[in-house]
Enquirer: 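Structure in structure tokens, see below.
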Amino acid sequence: MNELNRQGMIVLLSGRGSNYQALHQAQEEGRLGGRILGVLSDQPNAPGLARARENQTPAECIDRSRYAERSDFESSLTQAIAQSGAYWIVLAGFMRVLSAEFTNHHAGRIINIHPSLLPRHRGLNTHQRVIDAGDPEHGASVH
């Protein structure tokens with residue numbers, strides 16, 4: 001296992017990778033305060049994987065559909081995170097709910113970006129749901 005790089009992060013995504021791209025741009029401009037060491041996705045066709053590769057960021061899919069048990073999938077994620085040497089785990093559009101066991105194992109090292117002011121609009125299509133609900137405010141939760 002690589003020694004943990006306290007300035008290094010691994011980005012987990014499931015879709016387009018727009019949050020990853022914003023992080024990558026901030027890194028390129030010297031505004032990130034850390035270094036993206038890799039990208040992991042649970043979706044083999046996630047456009048964010050191609051986006052990462054275009055930026056010469058190591059990218060790998062750990063296809064959750066290949067695992068019968070959640071714990072086996074999360075074990076593979078944990079192994080890939082450890083191999084990357086990253087300290088920080090940034091959930092940037094990662095659409096898989098992670099177990100308490102996983103989050104406890106990585107406690108204090110996970111940052112989750114969610115496109116909603118939680119807990120009001122959880123899950124998908126949050127922006128449209130805010131509009132439909134007539135909410136006067138909207139934003140993002142980072143926790």
Enquirer: Under 3.5 Å, is there a donor-acceptor pair between the Asp63 and Ser65 side chains?
Expert: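 Yes, Ser65 and Asp63 have a side-chain donor paired with an acceptor closer than 3.5 Å.
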
Enquirer: Just checking, is any N or O donor in the side chain of Gln25 or Glu29 under 3.5 Å from an acceptor N or O on the other one?
Expert: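 Side chains of Gln25 and Glu29: pair found under 3.5 Å.
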
Enquirer: Is there a side-chain contact between Ile110 and Thr103 (heavy atoms, below 4.5 Å)?
Expert: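 The answer is yes; the side chains approach within 4.5 Å.
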
Enquirer: Got more than 12 heavy atoms from elsewhere within 6.0 Å of CD, Glu28?
Expert: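 For Glu28, atom CD is crowded (more than 12 foreign heavy atoms under 6.0 Å).
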
Enquirer: Using the rule side chain to side chain contact (heavy atoms under 4.5 Å, CB included), only one of Leu37, Ile113, Leu23, Leu91 pairs with Val11; which is it?
Expert: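 So the option named by the test is Leu23.
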
Enquirer: Would you say the side-chain atoms of Glu74 pair up with the backbone N or O of Ser99, donor to acceptor, closer than 3.5 Å?
Expert: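 Checked: pair present.
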
Enquirer: Would you say Leu32 and His24 make side-chain contact, with heavy atoms under 4.5 Å?
Expert: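 Sidechains of His24 and Leu32: no contact.
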
Enquirer: Please check: side-chain N/O of Arg6 versus main-chain N/O of Gly34, any donor-acceptor pairing under 3.5 Å?
Expert: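 Not a single qualifying donor-acceptor pair exists.
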
Enquirer: Would you call Arg96 and Phe73 a side-chain contact if the rule is heavy atoms closer than 4.5 Å?
Expert: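 SC-SC contact between Arg96 and Phe73 confirmed.
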
Enquirer: Short question: side chain of Gln56, backbone of Glu54 - any donor-acceptor pair under 3.5 Å?
Expert: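 Such a contact is found between Gln56 side chain and Glu54 backbone.
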
Enquirer: Please check: side-chain N/O of Gln27 versus main-chain N/O of Ile36, any donor-acceptor pairing under 3.5 Å?
Expert: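 A pair under 3.5 Å: yes.
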
Enquirer: Should Leu12 and Val90 count as side-chain neighbours, where that means a heavy-atom distance under 4.5 Å?
Expert: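 Counting from C-beta outward, Leu12 and Val90 never come under 4.5 Å.
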
Enquirer: Look up atom OG in Ser41 and atom CG in Leu13, then write down how far apart they are to the nearest 0.5 Å.
Expert: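 Answer rounded to 0.5 Å: 5.0 Å.
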
Enquirer: For the CE atom of Met9 and the OH atom of Tyr87, what is their distance to the nearest 0.5 Å?
Expert: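 Reported to 0.5 Å precision, the distance equals 12.5 Å.
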
Enquirer: Heavy atoms, side chains only, cut-off 4.5 Å: are Arg51 and Tyr20 in contact?
Expert: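 The answer is yes, as the side chains (C-beta and beyond) meet within the 4.5 Å cut-off.
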
Enquirer: Drop me the distance from His106's NE2 to Leu77's CG, to the nearest 0.5 angstrom.
Expert: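 That separation rounds to 7.5 Å.
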
Enquirer: Hey, does the side chain of Ser84 reach the backbone of Ile10 with a donor-acceptor pair shorter than 3.5 angstrom?
Expert: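 Not a single qualifying donor-acceptor pair exists.
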
Enquirer: Just by distance, do the side chain of Ser14 and the backbone of Phe94 share a donor-acceptor pair under 3.5 Å?
Expert: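 No, the answer is negative, given that no donor and acceptor are paired below the 3.5 Å cut-off.
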
Enquirer: Is the shortest heavy-atom distance from the side chain of Leu49 to the side chain of Glu60 under 4.5 Å?
Expert: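 Not in contact.
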
Enquirer: Is the side chain of Thr57 donor-acceptor paired with the backbone N or O of Arg53 at a distance under 3.5 Å, no angle test?
Expert: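 No, the answer is negative, given that no donor and acceptor are paired below the 3.5 Å cut-off.
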
Enquirer: Verify, without hydrogens or angle tests, whether Arg109 (side chain) and Ala86 (backbone) share a donor-acceptor contact under 3.5 angstrom.
Expert: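 Side chain of Arg109 to backbone of Ala86, a donor-acceptor pair under 3.5 Å: yes, one is there.
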
Enquirer: If only side-chain N and O atoms count, and only distance matters, is there a donor-acceptor pair under 3.5 Å linking Gln21 with Asn55?
Expert: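 A pair is found: one side chain offers a donor N or O, the other an acceptor, under 3.5 Å apart.
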
Enquirer: Which heavy-atom pair separates Ala59 from Ala52 by the least distance, and what is that distance?
Expert: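 The pair with the smallest heavy-atom distance is CB-CB, 3.9 Å.
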
Enquirer: Does a side-chain heavy-atom distance below 4.5 Å link Val97 with Arg70?
Expert: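 Side-chain contact under 4.5 Å: yes.
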
